[in-house]
Amino acid sequence: MSTIPKIYVAGHRGMVGSAIVRALQQQSNTHILTHTHAELDLTNQAAVRTFFETEKPDQVYLAAAKVGGILANNNYPAEFIYENLMIEANIIDSAFRTGVKKLLFLGSSCIYPRLAAQPMREDSLLTGTLEPTNEPYAIAKIAGIKLCESYNRQYGESHGIDYRSVMPTNLYGPGDNYHPENSHVIPALIRRFHEAKISHQPSVSIWGSGTPKREFLYVDDMATACLHVMNLDKAEYLQFTQPMLSHINVGYGDDITIRELAETISKTVGYKGTITYDESKPDGTPRKLMDSSRINALGWQAKVDLESGLAMAYKDFLQAETLRK
Ligand SMILES: NC(=O)C1=CN([C@@H]2O[C@H](COP(=O)(O)OP(=O)(O)OC[C@H]3O[C@@H](n4cnc5c(N)ncnc54)[C@H](OP(=O)(O)O)[C@@H]3O)[C@@H](O)[C@H]2O)C=CC1
Ligand SMILES: C[C@H]1O[C@H](OP(=O)(O)OP(=O)(O)OC[C@H]2O[C@@H](n3cnc4c(=O)[nH]c(N)nc43)[C@H](O)[C@@H]2O)[C@@H](O)[C@@H](O)C1=O
């Protein structure tokens with residue numbers, strides 16, 4: 001029998017899932033298992049169970065989700081809560097029932113209260129009201145954390161399972177979704193500034209007031225954090241997560257205003273016009289800087305600074321545009 005672990009990456013064609021695959025491929029002796037959305041709809045409980053029974057993976061990275069920016073979350077709340085709850089519940093339960101010992105669930109920084117003390121610590125979970133623009137998504141992500149915790153509590157010792165959760169800050173990088181409305185702020189602004197540059201538009205409009213602050217982490221740094229947390233030994237991981245909190249923050253360590261971000265992207269793209277602010281669009285949470293001291297103490301640190309990361313993201317956008325045409 002092979003001793004190489006069979007690792008299932010759910011959502012391997014997404015921005016984070018593909019970065020996790022890249023990181024896994026750099027390790028020797030890895031058997032990576034993937035299925036596209038068309039091959040396996042993760043909201044389908046029976047199909048997910050059959051997949052796990054047939055493939056019997058040893059480890060799971062759960063990076064599949066219904067994902068989008070502030071407007072997509074606000075406009076499609078039913079899909080964001082339903083699909084995310086189904087994907088998590090189906091994968092986590094099927095993993096347990098087919099003997100998967102190690103699983104890593106990806107949540108999001110929006111699980112914390114809208115006005116949580118900054119930087120946001122893991123134990124601020126469920127201490128206040130959520131940001132309304134993404135509350136349904138956040139509630140699904142909190143359910144994912146609680147699924148991992150509950151299966152660990154009930155079956156951790158008897159079945160030797162160890163299901164962990166990482167809470168990423170806002171991410172960006174190769175493979176991002178560059179949709180003009182439904183994407184997150186970085187890919188949206190890369191597209192908008194690029195299109196304004198090539199069509200010589202005198203100004204670019206940014207959503208909201210420009211005053212909210214966000215923390216941005218390059219996706220390949222996120223992938224190394226995922227492998228790092230998955231591979232920590234149990235005693236090491238638990239020293240920071242006991243007694244009940246199974247999740248761990250993953251952030252860059254610094255944040256900037258949306259105004260500063262827009263100015264930086266404008267420079268990255270080489271746009272020379274002016275920037276205006278459309279206050280009819282939502283600002284969302286005023287600030288969400290992660291306290292990443294736990295994962296830092298466990299030996300992981302972000303490497304890619306925002307300026308270099310944005311340059312690589314812009315290059316990825318240009319390649320994606322060339323391929324699309
Ligand atoms: N991007 C960000 O800024 C942040 C992301 N996260 C979390 O990180 C994880 C990955 O996000 P990201 O890579 O950005 O998202 P993407 O949208 O890039 O990738 C999500 C992947 O999940 C797949 N997927 C979605 N629904 C289904 C389904 N029903 N069946 C099978 N596959 C499905 C998608 O396939 P297809 O495209 O074919 O539908 C896609 O490959 C998510 O859990 C997200 O919540 C957390 C914080 C910030
Ligand atoms: C990762 C995180 O992503 C979502 O939350 P968010 O942090 O608000 O992410 P966002 O990237 O969409 O916006 C960040 C800020 O940027 C401003 N902004 C300006 N101009 C554009 C713009 O053109 N597009 C977008 N999307 N935002 C813009 C926007 O108004 C906001 O103030 C969650 O719903 C949830 O999915 C989640 O967990």
Side-chain angles (χ1 to χ4, degrees), residues 9-20 34-44 47-48 51 61-77 79-80 82-84 86-88 90-91 104-112 131-138 140-141 144 165-177 179-193 204-217 219 222-223 226 250-251 257-259 261-262 265 275 277-279 281-288 290:
V9 182
H12 74 288
R13 281 186 167 175
M15 176 173 72
V16 179
S18 56
I20 291 173
T34 57
H35 264 44
T36 63
H37 191 158
E39 290 163 346
L40 175 63
D41 179 357
L42 295 167
T43 64
N44 179 331
V48 172
F51 165 76
Y61 287 88
L62 206 179
K66 173 80 183 166
V67 179
I70 191 166
L71 215 61
N73 269 270
N74 213 17
N75 290 342
Y76 311 110
E79 285 166 30
F80 275 83
Y82 173 76
E83 292 180 25
N84 286 314
M86 294 302 285
I87 291 170
E88 296 153 19
N90 289 342
I91 291 188
L104 189 77
F105 168 68
L106 278 88
S108 169
S109 58
C110 67
I111 59 159
Y112 296 118
E131 157 62 30
T133 54
N134 57 34
E135 187 194 64
Y137 172 80
K141 291 295 187 184
S165 306
V166 281
M167 297 305 119
T169 188
N170 293 37
L171 305 171
Y172 70 102
D176 214 336
N177 164 17
H179 190 279
E181 280 92 36
N182 293 337
S183 61
H184 290 107
V185 61
I186 288 183
L189 295 192
I190 287 178
R191 169 176 293 287
R192 205 167 303 145
F193 279 110
V204 163
S205 171
I206 306 299
W207 296 355
S209 62
T211 59
K213 293 188 92 174
R214 292 290 183 275
E215 179 188 25
F216 297 102
L217 180 69
V219 69
M222 183 63 212
C226 288
V250 185
T257 64
I258 295 302
R259 177 184 294 272
L261 175 73
I265 296 179
I275 298 174
Y277 291 88
D278 174 2
E279 299 211 26
K281 294 284 197 310
D283 267 342
T285 313
R287 190 177 185 200
K288 43 177 180 174
M290 293 283 211

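Computed from a predicted model, the values in this text were never measured in an experiment. Counting starts at 1 for both ligands and their atoms, in listed order.
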Discussion item. Take a 6.0 Å sphere around CZ of Arg13 and say whether it holds more than 12 heavy atoms from other residues, nucleotides or ligands.
Written reply: no
Discussion item. Taking side-chain contact (heavy atoms from CB on, under 4.5 Å) as the criterion, tell me which of Arg259, Lys281, Glu279 meets it with Ser209.
Written reply: Glu279
Item to complete: Determine whether the side chains of Asn177 and Ser183 contain a donor N or O and an acceptor N or O closer than 3.5 Å.
Response: no
Worksheet entry | Worked verdict on His184 versus Tyr172 for ring pair (Phe, Tyr, Trp, His ring centres under 6.0 Å) | CA-CA 8 Å; His184 290 107; Tyr172 70 102; over 10 Å; no
Discussion item. I'd like to check Val185 versus Leu261 (side-chain heavy atoms, cut-off strictly below 4.5 Å). Are they in contact?
Written reply: yes
Worksheet entry | Protein residues having a heavy atom less than 4.0 Å from any atom of ligand 1 | Gly11, Arg13, Gly14, Met15, Val16, His37, Leu40, Asp41, Leu42, Thr43, Ala63, Ala64, Ala65, Val67, Ile87, Leu106, Gly107, Ser108, Tyr137, Lys141, Pro168, Thr169, Asn170, Leu171, His184
Worksheet item: Crowded around Tyr277 OH? As in, over 12 foreign heavy atoms under 6.0 Å?
Response: yes
Worksheet entry | Heavy-atom side-chain contact between Leu106 and Met167 under 4.5 Å | no
Practice prompt. Report yes or no: does Asn74 contribute a side-chain atom to a donor-acceptor pair with the main-chain N or O of Ile70 at less than 3.5 Å?
Written response: no
Discussion item. Please check this pair: side chain of Glu215 against backbone of Met290, looking for a donor-acceptor N/O pair closer than 3.5 Å.
Written reply: yes
Discussion item. Residues around ligand 2, heavy atom under 4.0 Å from any ligand atom, sorted by chain and number. Can you pull those?
Written reply: Gly68, Gly69, Ile70, Asn73, Ser108, Cys110, Asn134, Tyr137, Asn170, Ser183, His184, Val185, Ala188, Leu189, Arg192, Ile206, Trp207, Pro212, Arg214, Ile258, Pro282, Asp283, Lys288
